[in-house]
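In what follows, a single structure is set out as structure tokens and then discussed.
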Amino acid sequence: MDFKELEKKWQAAWDKAKLFEANPKEGVRKFFCTAPYPYLNGPLHLGHAFTYTRLDAYARYWRMNNRNVLFPFAFHATGEPIVGAAKRIAAKDPKQIKVLKDSGVGEREIKKFTDPEKIVAFYAALNKDLAFQLGLSIDWRRRFTTIDPHYKQFITWQYLRLKEQGYVAQGTHPVIWCPACKSPTGDHDRLEGEGVSPVAFTLLKFKFEDAFLVAATLRPETIYGVTNIWLRPDSTLVKATVGSETWIISKSAAAKLQEQQKIVTVGDTINTPELIGKHVQNLATNEDIPILAADFVDPDNATGVVMSVPAHAPFDLMALRDLENAGTIKKGSLVPVQVVAVPGLGANPAATVCEKYKVKTQHDANLVSATKELYKKEFHIGTLTDKTGKYAGKKITDVKDELVADLMKAGIADTMYEPEAKVVCRSNDVCIVKILENQWFLTYSNPEWKKQVQKNLDRLTLHPDEIRPAFIYTLNWLQDKACARKSGLGTRVPWDSEWIIETLSDSTIYMAYYTIAHIIKKEKIAPENLTPEVFDYVFLGTNKKKIKTVPEAVLDTMRKEFLTWYPVDIRLSADELVYNHLTFFLFHHTALFQPEHWPLGIGVNGMVSVEGEKMSKSKGNFITVIDALETYGADVTRLALLSSAEGLAQPNWNATETRSLKTWLSRLLTWCQQNYKPHPGRKIDEFLFSRMQGYVERAQQAYETGRFRTALQAAFFSPVNDIRWYLRRTDTVGEALPYALDLVVRMIAPAVPHVAEECWNRLGNTGFVSTAVFPTLQSDLISEVAEAAEALIQQTAQDITEVQKIVGKKPKKIVIYVADFWKYDVYATMVKGASKGSIADLMKNPEIKKHGNDVIKFVERLKKTKLTQLLNHDEELAALKDATPFFRKEFDAEVEVRSARDVDDPKAKRAEPGKPGIVFT
RNA sequence: GCGAGAGUACCCGAGCGGUCUAAGGGGCAAGGUUGAGGGCCUUGUGGCUUAGUGCCUUCGUCGGUUCGAAUCCGGCCUCUCGCACCA
């Protein structure tokens, strides 16, 4: 039977039986699991499939352990990308149109997708279908999209309550900004400058006539060592009114400052060369210093005015030397002033490093390295000299903030932001820094809030726990986060309708909404009737008396449903979301819900790669669920993903290996069809019975902690290999085989549910394996002896093969010798550790003493290895005798099993416990 | 730069002080068997050696601890992810 056909059949059967609709049974524990809803700008891909399949495995496992299980699903539409996609379609962008076509949209339909809501509706339907075809055991009644009016009411409630508690505040923040797009330029929107953030320059004002020449620096402490000002003669400077002052700065700086909350009026352009040679006053030292020309000044960076600190800036020093050498200024007329002392760098640190790097002029390529080295050393270990007045003797790191504050207070300093490196927007425009005003922030920096989250984190179960440091790190690092934008889809900030709640910020506690989503739908509650008070009652149990918008009975049903499912037992996601979404999830729960409703567990997994490479559209290795289902079907896809990686490892999708998994599933399907008539009372059955117990135990533990690769090894791959061995070992099947098949089928049901259902059916069961009981350990079936016996037989078969290979011909007869009694005695003694290799003790036993030298050699050998308890002489003999027919069949020869005690053959004498002697005749 | 994680044979991976040439899978090769329409089953897959269970060399790299290290410690190299106003 074709896999796809088989899958369709069982999906339809589950759906008809409403198997996954979560209608809780009384008196039964619950399990509520969720994963982030997918974003609706494309079809689900393998990354989604991985997380969702993992979640489904949890859900199905617990369903088979008699829990009420809720696995809900919804769709994310908030934010810019969908609107952007709609716009691109309107603009007939071929890439975007191809995405649609690949998702199955016909040529004629495409123009409809200029409406964002159409895109939402389309992908919601498509992805629902894909999730269904993957066999995810979802309660579909509860689905929604984040732009549904009902959901928006829920978000409104959330933000009202957050604001009341002081967790939402307005703030002002520097962002990288594209002047053309008039919006912040996030990393993903940049052609150049990924990871670049705003950096604050200190502006230092130097008095020049009735104005200030304003220099920008990252090292304001060096103001005490300024010897001159640098300008580039060809740069365009303007007089600009900034507040009540007049600044002389570059034209572009004036424009930038307008975006940084400065009231700037641009006035006359200055004839820059005329300034050269004139003097300004350093207001920190009251010295008069000259303005000089230098080529290295970049007029587009900061103010275009640079102060010169030749003792600490290699560029400044070299530019001065160049002027001296050219005779523009007198040698020694400007003396470097040391303001930072670093041991070993002398009175002029800049000169010292320039010498080290053999730098001679301001055009030297090594200047950058020299500068880097010096800045680093001075910043980390430098102390300020007595030229700096009250800061003398201190470390820069310790006084920098204070120093800047003092200079500001004195009116000689200000601040200007620049990107720390060049940033170019996708629109091809160079970005600047803008200070965004009145932006709404979630105050994640709030120490009280953080403390609450810490409490939640302390008791949170993490799968795997290795991810914990990442959470702790994030918690400490997290600052206030902007939570609103001015464009895109989503819910408006309830008290400030210009703003729309941003996408990560509206997706933090929606798991609570799942608990009531189906009731809202079923009762046809109008969105406006979902007032904040309704949610207060449902989620917090406040007074419901005043609520008139929703009937009391419905309110009670919702409240009950919430109490049934909350808190979330596990939330699953890719590890990259720890740093934002998963942590926000904790923050918002602690802020809004009672502690008994805070999350209980989080599971994370690595990002899926394809053939060893990160999946990306541009690389062409982007595999959608549509592709995977088409090529492999649901169960093979699921099996490939689940068995590919666990923990934090990155799962890798490999087409060849995935294909081979089909064979494995087919093997099982075939066996389940055989309808074996078991023969009772067979020795080898003890082995299989026993083996299965170990697998059950391991599979249980692994499923419970989300280690699905291990789970499948124990539930599927290992038992299948054992069954293969079993079938090789025996002609007639015993009771252990149907037993093992039954267990395997139930154990793999959480991972490959369709094949499991089919097998379950073929084994003659009625009902669904999806709701059958997961196997439990039967400790009375464990037999170490049986397992050891089988290992011995396997080992012996291998040894015979080995010998046969060396001999180069097939034997007529094989005699297998079990080692002499005394060796077992010695071995057993050593295992117990009784004599720890003390030969004298062993020799007290006359049976052993008889063998003198052989004993000593044997003991010396055993001392070198770690010993494990093995079978005794009689058990080995029995096991091998029992396997005689097997050996006979395997090697096509007469086989005899004997004890070495009875013969004198030297090869027989070499036999040891666990390693029988083999003699060919 | 800061933070987190990882480097194991042809590939994916398990192993986390002695049982390690290192589970399991995939691929490849040889052989057997045969139509269980996805075949099935053996065997081999670092080198040398042997009527067998032995030796040498290997777990990013260089050192260290230990009777003993893929496993513990330190340095170095390489890779992946995150560093936010973005899903």
Side-chain angles (χ1 to χ4, degrees), chain A residues 1-3 36 38-39 41 76 78-82 173 175-176 183-189 195 197 376 436 439-442 444 466-474 476-485 488 502-505 507 574-581 606-607 609 611-612 614 636 643-645 647-654 656-667 669-671 673-674 709-710 713 717-718 721 724 727-728 795 797-808 811 864-868 890 907 910-912 914-920:
Chain A
M1 187 187 227
D2 182 62
F3 275 87
Y39 196 72
N41 60 348
H76 196 193
T78 312
E80 316 251 4
I82 292 174
H173 241 58
V175 295
I176 302 285
S183 74
T185 313
D187 262 354
H188 53 286
D189 289 329
S197 21
K376 215 176 188 174
L436 269 187
Q439 165 78 291
W440 289 102
F441 283 85
L442 287 160
Y444 291 143
E466 282 80 72
I467 197 69
R468 196 173 290 277
F471 275 100
I472 293 169
Y473 172 77
T474 308
N476 291 328
W477 159 85
L478 206 61
Q479 296 297 308
D480 292 354
K481 174 174 187 308
C483 63
R485 294 206 121 211
E502 166 278 333
T503 121
L504 278 170
S505 307
S507 303
D575 52 3
E576 57 173 1
L577 291 191
V578 169
Y579 307 97
N580 45 50
H581 167 75
M607 297 279 282
S609 62
E611 312 292 345
K614 199 179 154 185
V636 172
S643 61
S644 139
L648 296 173
Q650 281 193 21
N652 180 40
W653 178 270
N654 178 292
T656 337
E657 293 204 28
T658 303
R659 233 172 284 127
S660 79
L661 291 173
K662 248 183 175 166
T663 315
W664 282 80
L665 291 175
S666 303
R667 250 178 222 142
L669 279 165
T670 311
W671 287 335
Q673 214 165 15
Q674 297 297 309
R709 188 191 159 90
T710 303
Q713 197 70 35
F717 296 103
S718 299
N721 277 344
R724 286 210 272 180
L727 290 172
R728 180 178 162 195
Q795 181 62 50
Q798 234 166 61
D799 288 348
I800 296 174
T801 311
E802 184 94 352
V803 176
Q804 187 172 292
K805 220 168 44 194
I806 289 156
V807 177
K864 284 189 203 156
T865 52
K866 194 172 154 185
L867 303 176
T868 43
E890 284 279 308
K907 279 168 207 135
R910 287 172 74 175
E912 284 177 16
K915 282 170 186 168
I918 293 156
V919 178
F920 280 16

On a heavy-atom basis, which atom in [X] and which in [Y] lie closest, and how many Å separate them?
X: A:Leu727; Y: A:Trp671; value: CD1-NE1, 3.4 Å
X: A:Ser507; Y: A:His76; value: OG-NE2, 3.3 Å
X: A:Leu504; Y: A:Lys481; value: CD1-CE, 4.4 Å
X: A:Ala484; Y: A:Gln439; value: O-OE1, 3.1 Å
X: A:Phe3; Y: A:Leu669; value: CZ-CD1, 4.2 Å

Is A:Ser644 reaching over with its side chain to a backbone N or O of A:Asn652, donor-acceptor style, under 3.5 angstrom?
yes

Check whether any side-chain N or O of A:Tyr579 sits under 3.5 Å from a backbone N or O of A:Leu478 as a donor-acceptor pair, and report yes or no.
no

Distance between the [atom1] atoms of [N] and [M], in whole angstroms?
N: B:C76; M: B:C16; atom1: P; result: 28 Å
N: B:C56; M: B:U19; atom1: P; result: 14 Å
N: B:G13; M: B:G3; atom1: C1'; result: 27 Å
N: B:G25; M: B:G5; atom1: P; result: 32 Å
N: B:A23; M: B:C79; atom1: C1'; result: 26 Å
N: B:C83; M: B:G17; atom1: C1'; result: 38 Å
N: B:U42; M: B:U34; atom1: C1'; result: 14 Å
N: B:A70; M: B:G18; atom1: P; result: 10 Å

Check every atom of [options] against the side chain of [X] and return the nucleotide holding the closest atom.
X: A:Thr670; options: B:G3, B:A87, B:G38; result: B:G38
X: A:Trp477; options: B:U42, B:G38, B:C83; result: B:C83
X: A:Lys481; options: B:G5, B:G3, B:A84; result: B:A84
X: A:Asn652; options: B:G82, B:C12, B:G5; result: B:C12

Generate the contact string for nucleotides 23-28 of chain B. Rules: B means base contact, S means sugar-phosphate contact only, - means no protein heavy atom under 4.0 Å.
-BBSS-

With sugar-phosphate meaning primed atoms plus P, OP1 and OP2, does [X] contact a base, only sugar-phosphate, or nothing at under 4.0 Å between heavy atoms?
X: A:Pro916; answer: base
X: A:Gly917; answer: base
X: A:Leu504; answer: base
X: A:His173; answer: base
X: A:Gln795; answer: nothing
X: A:Asp480; answer: base

Taking it one step at a time, do A:Arg709 and A:Phe717 satisfy side-chain contact (heavy atoms from CB on, under 4.5 Å)?
CA-CA 10 Å; A:Arg709 188 191 159 90; A:Phe717 296 103; over 6 Å; no

Atom [atom1] of [X] and atom [atom2] of [N]: how far apart are they, to the nearest Å?
X: A:Tyr473; N: B:C81; atom1: OH; atom2: C1'; result: 12 Å
X: A:Gln674; N: B:A36; atom1: CD; atom2: P; result: 11 Å
X: A:Ile467; N: B:G3; atom1: CD1; atom2: P; result: 16 Å
X: A:Arg728; N: B:G32; atom1: CZ; atom2: C1'; result: 12 Å
X: A:His581; N: B:G82; atom1: NE2; atom2: P; result: 16 Å
X: A:Asn580; N: B:C81; atom1: CG; atom2: C1'; result: 12 Å

Anything below 3.5 Å on both distances counts as a pair; with that, list the stems of at least three consecutive Watson-Crick or G-U pairs involving RNA chain B.
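Detected stem regions: B:1-7 with B:77-83, B:10-12 with B:24-26, B:27-33 with B:39-45, B:46-48 with B:54-56, B:60-64 with B:72-76.
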
Considering only nitrogen or oxygen atoms on both sides, find all protein atoms under 3.5 Å from nucleotides 78-80 of chain B and state each distance.
unit_1: B:U80; atom_1: O2'; unit_2: A:Gln650; atom_2: NE2; d: 2.6

Reported OG1-to-CD1 distance for the pair A:Thr474 and A:Ile467, which is rounded to 0.5 angstrom:
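Interatomic distance, A:Thr474 OG1 to A:Ile467 CD1, rounded to 0.5 Å: 8.5 Å.
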
Taking the nucleotide of RNA chain B with the closest heavy atom to each, which residue, A:Gln439 or A:Thr663, is nearer the 5' end?
A:Thr663

